[in-house]
Amino acid sequence: MKQRILSGMRSTARLHLGNYEGALKNWVALQNDYELFAMIADWHALTTDYEDTINLKDYIHEVAIDYLSSGLNPEICTIFVQSDVKEHAELHLLFSMFIPTPWLLRNPTVKEQAKDLGLLQNEDDQEMTKINYGHLGYPVLQAADILIYKADFVPVGEDQLPHLELCREIARRFNSLYGNVFPEPQPKLTAAARLPGLDGKRMSKSLGNVIELADDSEVIRKKVLSMFTDPLKVYKGDKGDPKIRGCPVFAYQEIYNQTKSKETEIECKVGKLGCVDCKKFLAEELIATLAPLQNRRQELIAQPKKIEEILEQGKKKAQSVAQQTMEEVRETMHLRGSVIKNT
């Protein structure tokens, strides 16, 4: 039997280049060798976007299209919506009964997201009270997402190892309290490009500094031309230093123009290459790179019924595994029957 992998993305908007380079491209590569569960995390979307849910169903559909157009194959992997499998919520509830609050207060990802949303100025515990309960506790739900499928691996970059360790701590604590049910998921270290946003900051939907996988050629050109560049290189003849001064345009060139990135760096440093020309070339490289994905996207947009059939198929597969795990959990915890039953 293949070893199992669980990973997912929040349905807060259509996916962007950072999602693709940082995770989705790796999932596509892994799906042939592992039993991959690819989750659309709509409950996790509510941790930050709980006030506006009017587009949530549309975003679920859009993320499904992004998954498929990027190359995930529903014949060999399981694509499903988190909220379709109610057992996630039940396991999250049970985990939340024994998780110490300090484990959540120290989570670096929560703090980073809260800063993006303008909720935090400092990182002390008093400031953390500004974060809503669901946002603070999202790592517990995330652990339930992973452990309910008894995932062997979770694909992560090295910078994400601390996040996975919390899930492993939760598995250890459950097993020590009630009995050995959950394996401790191991990190599947993946080489992933970390793309900066258009402004040079961390790429984030909440910051509005992303290039979406669905952006057409004119939108891509417009966004690339708006990108932050070396602040000391004002005119074409000015000498730049794209690596030291954190030029995001050059960071993209190193990924999408690998054969000429060194030449680009040299020409920038000696003042031979202007920022506008550099951006124009990058835009065309991005358009060419995304063209196959966008062609598949257009085919899928024309088949909404097919998308729903794939999600329904994924729901049934995910439910089957999750229900079996929850039977073990309830028995181990000496609970009476099911807390939540699907109809």
- N/O donor-acceptor pair under 3.5 Å between Asp66 side chain and Leu15 backbone: yes
- Ion pair check, Arg297 and Glu62, cut-off under 4.0 Å: yes
- Could you tell me how the ring of His88 sits relative to the ring of Trp43: parallel (under 30°), tilted (30 to 60°) or perpendicular (over 60°)? perpendicular
- Query: Where do Leu56 and Leu46 land on the side-chain contact (heavy atoms from CB on, under 4.5 Å) test, with the steps shown first?
  - Reply: CA-CA 9 Å; Leu56 185 56; Leu46 299 177; 4.1 Å; yes
- Is Asn73 close to Asn32 at the side-chain level, that is, under 4.5 Å between some pair of heavy atoms? no
- Query: Does Trp103 belong to the same Ile/Leu/Val/Met/Phe/Trp/Tyr cluster as Phe95, with side-chain heavy atoms less than 4.5 Å apart forming each link?
  - Reply: yes
- Is there a path from Val63 to Leu68 through hydrophobic residues (I, L, V, M, F, W, Y) whose side chains come within less than 4.5 Å of each other? yes
- Item | Interatomic distance, Leu36 atom CG to Ile76 atom CD1 [nearest 0.5 angstrom] | 8.5 Å
- Message: Distance check, rounded to the nearest 0.5 Å: Glu87 atom CD versus Gln323 atom CD?
- Response: 4.5 Å
- Query: Hey, does the side chain of Asn209 reach the backbone of Gly200 with a donor-acceptor pair shorter than 3.5 angstrom?
  - Reply: no
- Are any non-hydrogen side-chain atoms of Leu104 and Val140 less than 4.5 angstrom apart? yes
- Query: Taking all atoms of both residues into account, what is the closest heavy-atom pair of Gly314 and Thr78, and its distance?
  - Reply: O-CG2, 3.5 Å
- Task: Can you tell me which residue pairs pass the ring-ring contact (aromatic ring centres under 6.0 Å, His included) test with a partner in residues 251-303, sequence neighbours excluded?
- Result: none
- Query: Does Asp241 offer a backbone N or O that forms a donor-acceptor pair with the side chain of Asp230 under 3.5 Å?
  - Reply: yes
- Message: One pair to check against side-chain contact (heavy atoms from CB on, under 4.5 Å): Leu6 and Val154. What are the steps and the verdict?
- Response: CA-CA 6 Å; Leu6 181 285; Val154 178; 5.5 Å; no
- Note on the structure: Rounded to the nearest 0.5 Å, the CZ atom of Phe228 sits from the SG atom of Cys275 at a distance of 10.0 Å
- Query: Is Glu309 atom CD crowded by more than 12 heavy atoms from other residues, nucleotides or ligands, each under 6.0 Å away?
  - Reply: yes
- Query: Is there a donor-acceptor pair closer than 3.5 Å between any side-chain N or O of Gln142 and the backbone N or O of Leu166?
  - Reply: no
- Query: Does Phe37 reach the side chain of Ile148, with side-chain heavy atoms less than 4.5 Å apart?
  - Reply: no
- Spell out, as yes or no, whether a donor-acceptor pair under 3.5 Å connects the side chain of Lys223 to the backbone of Val210. yes
- Task: Take Leu91 and Met326, measure what side-chain contact (heavy atoms from CB on, under 4.5 Å) needs, and give me the verdict at the end.
- Result: CA-CA 7 Å; Leu91 187 57; Met326 286 311 302; 3.8 Å; yes
- Message: Whether the side chain of Lys262 engages the backbone of Thr259 through a donor-acceptor N/O pair (distance < 3.5 Å, no angle test) should be reported.
- Response: no
- Distance-minimising heavy-atom pair for Gln31 and Cys77: OE1-SG, 3.7 Å
- Query: Hey, are Lys269 and Glu265 close enough for a salt bridge, meaning a charged N less than 4.0 Å from a carboxylate O?
  - Reply: yes
- Are Leu300 and Leu293 in one and the same hydrophobic cluster, where Ile, Leu, Val, Met, Phe, Trp and Tyr link if side-chain heavy atoms are under 4.5 Å apart? yes
- Nearest heavy-atom approach of Asp84 to Gln319 is O-NE2, 3.4 Å
- Query: Hey, is Glu299 close enough to Arg296 for a salt bridge, meaning N to O under 4.0 Å?
  - Reply: no
- Looking only at heavy atoms, which two atoms of Cys278 and Thr264 are closest? And how far apart? SG-CG2, 4.0 Å
- Could you walk me through whether Glu285 and Val224 pass the side-chain contact (heavy atoms from CB on, under 4.5 Å) test, one step at a time? CA-CA 11 Å; Glu285 290 293 310; Val224 171; over 6 Å; no
- Task: Evaluate the side-chain proximity of His61 to Glu308: yes if any heavy-atom separation is below 4.5 Å, no if none is.
- Result: yes
- Message: Any side-chain to backbone donor/acceptor pair from Glu21 onto His16? Under 3.5 Å, distance only.
- Response: no
- Interatomic distance, NZ@Lys188 vs CH2@Trp27, rounded to 0.5 Å, equals 15.5 Å
- On the 0 to 90° scale, with breaks at 30° and 60°, tag the Phe98-Phe174 ring pair as parallel, tilted or perpendicular. tilted
- The salt bridge (Lys or Arg N to Asp or Glu O under 4.0 Å) partners of Lys317 (sequence neighbours excluded) come to Glu35
- Task: Report the distance from atom CG of Leu225 to atom CG of Leu198, rounding to the nearest 0.5 Å.
- Result: 11.0 Å
- Message: With a 3.5 Å distance limit and no angle check, can you tell me whether Asn180 reaches the backbone of Asn175 through a side-chain donor-acceptor pair?
- Response: no
- Quick check: does any side chain N or O of Ser320 sit under 3.5 Å from a backbone N or O of Lys316, one acting as donor and the other as acceptor? no
- Are any of the side-chain nitrogens in Glu165 or Arg172 under 4.0 Å away from the carboxylate oxygens of its partner? yes
- Are Ile146 and Tyr34 co-members of a hydrophobic cluster defined by side-chain heavy atoms under 4.5 Å apart? no
- Message: A side-chain contact here means heavy atoms from C-beta on lying under 4.5 Å apart; do Pro100 and Arg173 qualify?
- Response: yes
- Item | Shortest non-hydrogen contact between Ile60 and Ser11, atoms and distance | CG1-OG, 3.8 Å
- Query: Heavy-atom distance under 4.5 Å between the side chains of Leu213 and Leu17, does that happen here?
  - Reply: yes
- Using the rule that two of Ile, Leu, Val, Met, Phe, Trp, Tyr join whenever any of their side-chain heavy atoms come within less than 4.5 Å, decide whether Leu136 and Tyr50 are in one cluster. no
- Taking atom CD of Gln186 as the centre, report whether more than 12 heavy atoms of other residues, nucleotides or ligands fall under 6.0 Å from it. yes
- Message: With a 3.5 Å distance limit and no angle check, can you tell me whether Asp58 reaches the backbone of Asn55 through a side-chain donor-acceptor pair?
- Response: no
- Message: Is the shortest side-chain heavy-atom distance between Tyr59 and Ile40 below 4.5 Å?
- Response: no
- Under a 4.5 Å cut-off applied to non-hydrogen side-chain atoms, are Asp215 and Ile220 in contact? yes
- Note on the structure: Sorted by chain and residue number, the side-chain contact (heavy atoms from CB on, under 4.5 Å) partners of Glu284 (sequence neighbours excluded) come out as Arg221, Ile287
- Identify the heavy atoms of Ala171 and Phe182 that sit nearest to each other, and give their distance. CB-CB, 4.1 Å
- Query: CG/Leu177 to CE/Met333 distance, rounded to the nearest 0.5 angstrom?
  - Reply: 8.5 Å
- Is atom NZ of Lys57 surrounded by more than 12 heavy atoms (other residues, nucleotides or ligands) closer than 6.0 Å? no
